[in-house]
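Following: one structure in C-alpha cells, then a few remarks.
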Amino acid sequence: MLEGLSHYYTGTHAVMKNAHALIKTLQSKASPERSKINASFFKTGENQYGAGDLFLGIRVPTIREEIKDYPNLEMNEVEKLLHNPFHEIRLAALLILVQQFQKSDVKAQQTIYRFYLKNFKYVNNWDLVDSSAPKIIGPFLTEGHTVPLHKWSRSPRLWTRRIAIIATLNAIQRKRFEDTLTTATLLLKDEEDLIHKAAGWMLREVGKREQKPLHQFLNTHAALMPRTMLR
C-alpha cells in the first residue's frame with residue numbers, strides 16, 4: 001500500500017480513504033447559509049478571536065458521522081486535514097486523532113501527543129481546543145507526565161492558554177485537582193473572556209466532584225477573579 005493511503009473495496013472498485021477523499025466528502029455537505037451563521041458565531045470579523053477563519057457550514061454530527069470511515073487514517077494524512085484553512089476540516093482531523101488516541105497503546109498515544117504539540121497553531125478556536133485537549137493532553141497530566149502548563153498559561157496566544165486550562169478536565173474527572181487550581185490561579189489576570197469562561201468551567205467541574213478545594217480557591221481568590229470566571 002502507498003504510504004499515507006488507506007482503502008476499502010466495494011465490489012471490484014477500490015475506494016481510497018485519504019485526506020483528499022474526506023475533504024471532498026465534507027465539501028459536498030457544505031451549506032453557504034450555515035457557513036455565514038458559523039462565521040458570525042465563531043467571531044471571524046476583523047480583530048475578533050476567530051478573525052480570518054473559514055467555514056464550510058457543516059454540523060458537528062455530520063462531521064462525526066463522516067469520519068467513521070477513516071479510523072486508521074495515517075498521520076501524514078491527518079496533518080493535511082489539520083493544516084486545511086476550513087474550520088470543519090481541522091475539526092475532523094482532531095476528532096480522528098481523539099478516536100485514534102483512545103484506541104492506541106501508550107507508544108502510539110505518545111506519538112499522537114507529540115504530533116498535537118507540534119501542531120498547536122492549527123488548534124485555533126475554542127471548539128477545536130475543547131474537543132481535543134482534554135482527551136489528548138489530559139491523559140498525560142493524569143499519568144504524571146511533565147506538561148508545561150505554566151508556560152502555556154503565560155503564552156501570548158489565546159488558544160494555547162485555553163489548552164492549558166481545558167486540558168486539566170481529564171485530571172478533574174480522576175479527582176486530581178491541583179493542575180486545574182494552579183492553572184486557574186495563573187490565569188486570574190488574563191484579559192480574554194474566553195479564558196475566564198474556560199477557567200470558571202473547570203473550577204465548576206472541580207466543585208461538582210469535591211466542594212472543599214473549590215471553596216478554598218474561592219476564599220483565596222474570589223476578590224481577584226474576573227466576573228465571568230466567578231459566575
Exercise. Given salt bridge (Lys or Arg N to Asp or Glu O under 4.0 Å), test E65 with K68 step by step and report yes or no.
Key: CA-CA 6 Å; E65 183 63 29; K68 289 179 180 179; 3.1 Å; yes
Exercise. Could you please spell out the steps behind the side chain to side chain contact (heavy atoms under 4.5 Å, CB included) verdict for K29 and I63?
Key: CA-CA 9 Å; K29 307 291 183 180; I63 298 171; over 6 Å; no
Quiz item: When you look at R161 and S153, which way does the side chain to side chain contact (heavy atoms under 4.5 Å, CB included) test go after all the steps?
Solution: CA-CA 5 Å; R161 302 198 306 277; S153 299; 5.7 Å; no
Self-check item: side chain to side chain contact (heavy atoms under 4.5 Å, CB included) between I137 and Y113, worked out
Solution: CA-CA 7 Å; I137 301 294; Y113 168 75; 3.6 Å; yes
Practice problem: For R90 and D53, run salt bridge (Lys or Arg N to Asp or Glu O under 4.0 Å): C-alpha distance rounded to whole Å, both residues' side-chain angles, the deciding distance at 0.1 Å, then the answer. | Solution: CA-CA 11 Å; R90 298 197 305 280; D53 205 354; 2.9 Å; yes
Quiz item: After noting the C-alpha distance and the side-chain angles of T182 and E178, does the key distance pass the side chain to side chain contact (heavy atoms under 4.5 Å, CB included) rule?
Solution: CA-CA 6 Å; T182 299; E178 181 179 353; 4.0 Å; yes
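Side-chain contact check for L22 versus I67: some heavy-atom pair is nearer than 4.5 Å. Put simply, the side chain of T168 does not reach to within 4.5 Å of the side chain of F177, judged on heavy atoms. No side-chain heavy atom of L81 sits less than 4.5 Å from a side-chain heavy atom of E77. V98 is listed as a side-chain neighbour of Q102, based on a closest heavy-atom distance under 4.5 Å. With contacts defined as side-chain heavy-atom distances shorter than 4.5 Å, the pair K118/E79 qualifies.
Remark: the R157 side chain and the T160 side chain contain an N/O donor-acceptor pair separated by less than 3.5 Å.
Judged by distance alone, with hydrogens and angles left aside, the side-chain atoms of Q109 form no donor-acceptor pair with the main-chain N or O of I136 at under 3.5 Å. Checked by atom type and distance alone, the side chain of R174 never pairs as donor or acceptor with a backbone atom of P139 at under 3.5 Å. Distance alone, capped at 3.5 Å, is enough to place a donor-acceptor pair between the T44 side chain and the A39 backbone. Of the possible donor and acceptor atoms, none in the side chain of E66 sits under 3.5 Å from a partner among the backbone N and O of T62. The closest donor-acceptor contact from the side chain of S31 to the backbone of R34 lies under 3.5 Å.
Between T180 atom OG1 and I172 atom CD1 the span is 3.5 Å, to the nearest 0.5 Å. In this structure, the separation between CD1 on I112 and OG on S104 is 4.0 Å, given to the nearest 0.5 Å. How far CZ of F42 is from CD1 of I37: 12.0 Å, rounded to the nearest 0.5 Å. Of the inter-residue distances, the one linking L181 atom CG with L203 atom CG reads 6.5 Å to the nearest 0.5 angstrom. Between R154 atom CZ and K151 atom NZ the span is 14.0 Å, to the nearest 0.5 Å. Between the CD1 atom in I96 and the CZ atom in R64 there is a gap of 11.5 Å [rounded to 0.5 Å].
The shortest heavy-atom contact between N124 and K121 is CB-O, 3.6 Å. A92 and L26 get closest at one heavy-atom pair: CB-CD1, 4.0 Å. Considering all non-hydrogen atoms of both residues, A198 and I165 come closest at CB-CG2, 3.8 Å. Here the shortest heavy-atom pairing between I163 and A133 reads CG2-CB, 4.2 Å. Taking every heavy atom of both residues into account, V206 and L214 meet most closely at CG1-N, 4.4 Å. Taking all atoms of both residues into account, the shortest heavy-atom contact from D190 to H196 is O-NE2, 2.5 Å.
Counting heavy atoms of neighbouring residues, nucleotides and ligands inside a 6.0 Å radius, atom CD of Q48 exceeds 12 of them. The environment of H20 atom NE2 is sparse: at most 12 non-hydrogen atoms of other residues, nucleotides or ligands sit within 6.0 angstrom.
Residue L186 is not grouped with residue W159 when hydrophobic side chains (ILVMFWY) are merged at heavy-atom distances under 4.5 angstrom, including chains of intermediate members. Both Y70 and Y122 are assigned to one and the same hydrophobic cluster, defined by single-linkage of ILVMFWY side chains at heavy-atom distances under 4.5 Å.
Ring-centre distance between F55 and F86: not below the 6.0 Å cut-off.
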Residues 218-231, side-chain donor-acceptor partners within the protein, below 3.5 Å, at least two apart:
from : atom 1 : to   : atom 2 : distance (Å)
N219 : ND2    : H215 : O      : 3.2
T220 : OG1    : Q216 : O      : 3.0
T228 : OG1    : D193 : OD1    : 2.9

Got a list of side-chain donor-acceptor pairs under 3.5 Å for residues 125-132, not counting sequence neighbours?
from : atom 1 : to   : atom 2 : distance (Å)
W126 : NE1    : Y49  : OH     : 3.3
D127 : OD1    : H87  : NE2    : 3.0
D127 : OD2    : H87  : NE2    : 2.8
D130 : OD1    : R162 : NE     : 3.0
D130 : OD1    : R162 : NH2    : 3.4
D130 : OD2    : R162 : NH2    : 2.8
S131 : OG     : D127 : O      : 2.9
S131 : OG     : L128 : O      : 3.4
S132 : OG     : Y116 : OH     : 2.7
S132 : OG     : L128 : O      : 2.6

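The salt bridge (charged side-chain N to carboxylate O under 4.0 Å, His left out) analysis of residues 207-220, with sequence neighbours excluded, yields the pairs E205-K208, E205-R209.
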